[in-house]
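Notes to accompany the following structure.
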Amino acid sequence: MYTVHRTCIGIILFLLATHAFAQTGKPVAVREEAVTFRNGAVTLAGTLALPAGPGPHPAAVLLSGDGQQDRDWTFGKLKMAKFISDRMASRGIAVLRFDDRGTGGSGGESEIRASFADRCNDALAAMRLLRSRSGVGAVGLCGHSGGAIIAGMTAAKDTADVDFVMIISGPYITGEEVLLDQAGSMPGIYRAGPDQSDSAAVKEGRRIIRMAAESIRAGAGLDSVRAAWDRILTVQLGNMPKERMAEYLKEFGSEEKLRAQVVQDRLDEYESPQGRDFLVHNPSDDMRNVVCPLLVLFGEKDDHVRVAQHRPPLLHALAGGSCVDATVRIVPGADHAYTNGEFYEKGELLPGVAEFMAEWVRSRFGPKP
């Protein structure tokens, strides 16, 4: 089962990154059914896609990224999770996708109010549902972006429960470092006044991020962060076109209430249960403790999780870790959602990506010839 050794990770990465994805296997019939499962008091609702035939079929739980997402991970014209599920299930992999907490058929508060530990337990509950089904064999996790953190964290902590893990567009540095990097490309968010330069706005944004992370680690309040955002928003709203402000006032009633809501939304990025965990957790630490087969995908053109920044700490962690079956691959031309302008318009991922994921699982846990 373990075919790729730690000492070969760098070579495997190079070879896989320089070859196109191959379409493999003949599609089989698939049936879908609605399912629910519970994590404590929270009921989560989703869709289970089952390949035809008695099995046992390997099975994967899909874990969504940041923000409130439905079970299909709908991004405009693209239903990313539905696309992955369809392609993998038609190639013999059962797939469970589910609505985020507080979305669609799932109960509980919004996802941002769930800690990383809560979400790991959601993942384990989903895996228990799969293991209770006849015709299901090995069970693993597939997480995208923020969900990739949860997949890796669960696999590292519950090594006996996770048979394999696929991490797509996942970060391998702390959330603080991610936000500091992203601030460089988003000066407008932090700009206090039309005359402020990009470099000054980015510098202020990074100062705010560092203050928030330091406060979270120290268990202190975020009063200084709130004050900084209040100053920025006061200027930004003061420079907003009258027509646009009029639309906001219809909803919020006053500029003061609007500013308070926007400031609170910014603070939620740091002080909500999810925000706190994201700021300080380092996913590379999890990679050292993963023992099951591991597939990691990067998008070559991913602006959110840049290969140059995230691949080195991942490889360093794997080199000193416990995983002896690790495959790391860069998807040529892929953005954060593994598509591009042409295929996004079709509602599709780049050709072969989901099929490769299915073949990676089948080669380890599928029926033997």
Side-chain angles (χ1 to χ4, degrees), residues 1-5 8-9 12-13 15-16 19-33 35 46-63 80-98 123-124 126-144 147-148 151-152 154-155 158-168 290-297 323-329 331 338 349-369:
M1 176 173 23
Y2 297 143
T3 57
V4 180
H5 297 282
C8 298
I9 286 175
I12 294 299
L13 171 68
L15 292 176
L16 291 174
H19 289 284
F21 283 93
Q23 304 262 359
T24 58
K26 295 181 179 180
V28 300
V30 176
R31 65 181 177 88
E32 290 192 338
E33 62 180 82
V35 296
T47 300
L48 175 59
L50 291 164
H57 302 290
V61 176
L62 301 187
L63 302 176
M80 185 178 179
K82 179 69 164 63
F83 186 93
I84 291 172
S85 177
D86 288 348
R87 295 307 190 274
M88 291 187 68
S90 70
R91 284 157 178 80
I93 315 299
V95 179
L96 172 59
R97 62 190 195 275
F98 60 95
L124 290 170
M127 295 180 73
R128 285 194 296 271
L129 170 67
L130 289 175
R131 293 192 191 282
S132 71
R133 301 293 298 255
S134 62
V136 169
V139 178
L141 299 171
C142 175
H144 174 249
T154 306
D158 298 274
T159 56
D161 295 316
V162 184
D163 293 322
F164 62 88
V165 61
M166 295 183 283
I167 296 181
I168 55 180
V290 171
V291 298
C292 63
L294 168 68
L295 171 65
V296 176
L297 297 184
C323 184
V324 295
D325 182 1
T327 303
V328 180
R329 185 164 186 176
V331 182
Y338 294 87
L349 271 63
L350 292 176
V353 175
E355 292 84 352
F356 173 78
M357 293 164 61
E359 186 58 31
W360 181 87
V361 176
R362 281 178 55 84
S363 68
R364 288 155 177 80
F365 300 102
K368 302 303 178 184

Just so I know, are the side chains of M80 and R97 near enough to count as touching, which here means a heavy-atom distance under 4.5 Å? no
Heavy atoms of A94 and L50 approach each other most closely as CB-CD2, 3.9 Å
Could you tell me whether the side chain of T154 reaches within less than 4.5 Å of the side chain of V162, counting heavy atoms only? yes
For the atom pair CE (M88) and CH2 (W360), what is the distance rounded to the nearest 0.5 Å? 9.0 Å
Please step through side chain to side chain contact (heavy atoms under 4.5 Å, CB included) for the pair V361 and M166, ending with a clear verdict. CA-CA 9 Å; V361 176; M166 295 183 283; 3.9 Å; yes
With no hydrogens and no angle check, is any side-chain donor or acceptor of Y338 less than 3.5 Å from a backbone partner on L297? yes
Considering all heavy atoms, the nearest F365-A138 contact: CD2-CB, 3.4 Å
Starting at CD1 of I167, measure out to NE2 of H144 and round the result to the nearest 0.5 Å. 12.5 Å
Identify the heavy atoms of V165 and G152 that sit nearest to each other, and give their distance. CG2-N, 4.4 Å
Would you indicate whether the side-chain heavy atoms of I93 and M357 approach each other to under 4.5 Å? no
Whether the side chain of E355 engages the backbone of G352 through a donor-acceptor N/O pair (distance < 3.5 Å, no angle test) should be reported. yes
Between G92 and P51, what is the shortest heavy-atom contact and its length? C-CG, 3.5 Å
Heavy-atom check, side chain of H57 versus side chain of L130, under 4.5 Å: no
Nearest non-hydrogen partners of A81 and L62, listed with the distance: O-CD1, 3.7 Å
Who pairs with R131 by salt bridge (charged side-chain N to carboxylate O under 4.0 Å, His left out), at least two apart in sequence or on another chain? D163
Show your reasoning for whether side chain to side chain contact (heavy atoms under 4.5 Å, CB included) applies to R87 and L349. CA-CA 10 Å; R87 295 307 190 274; L349 271 63; over 6 Å; no
Mind checking whether I84 and V95 have side chains closer than 4.5 Å, heavy atoms only? no
Distance under 6.0 Å and angle within 45° of the ring axis: does R364 meet both against F164? no
Just so I know, are the side chains of M127 and D158 near enough to count as touching, which here means a heavy-atom distance under 4.5 Å? no
From CG (L294) to CG (L141), nearest 0.5 Å: 11.5 Å
Might you point out which heavy atoms bring A155 and C292 nearest each other, and give the distance in Å? CB-SG, 4.4 Å
Kindly write out the residues that satisfy side chain to side chain contact (heavy atoms under 4.5 Å, CB included) with A126, not counting sequence neighbours, or none if the list is empty. F37, V61, L96, F98
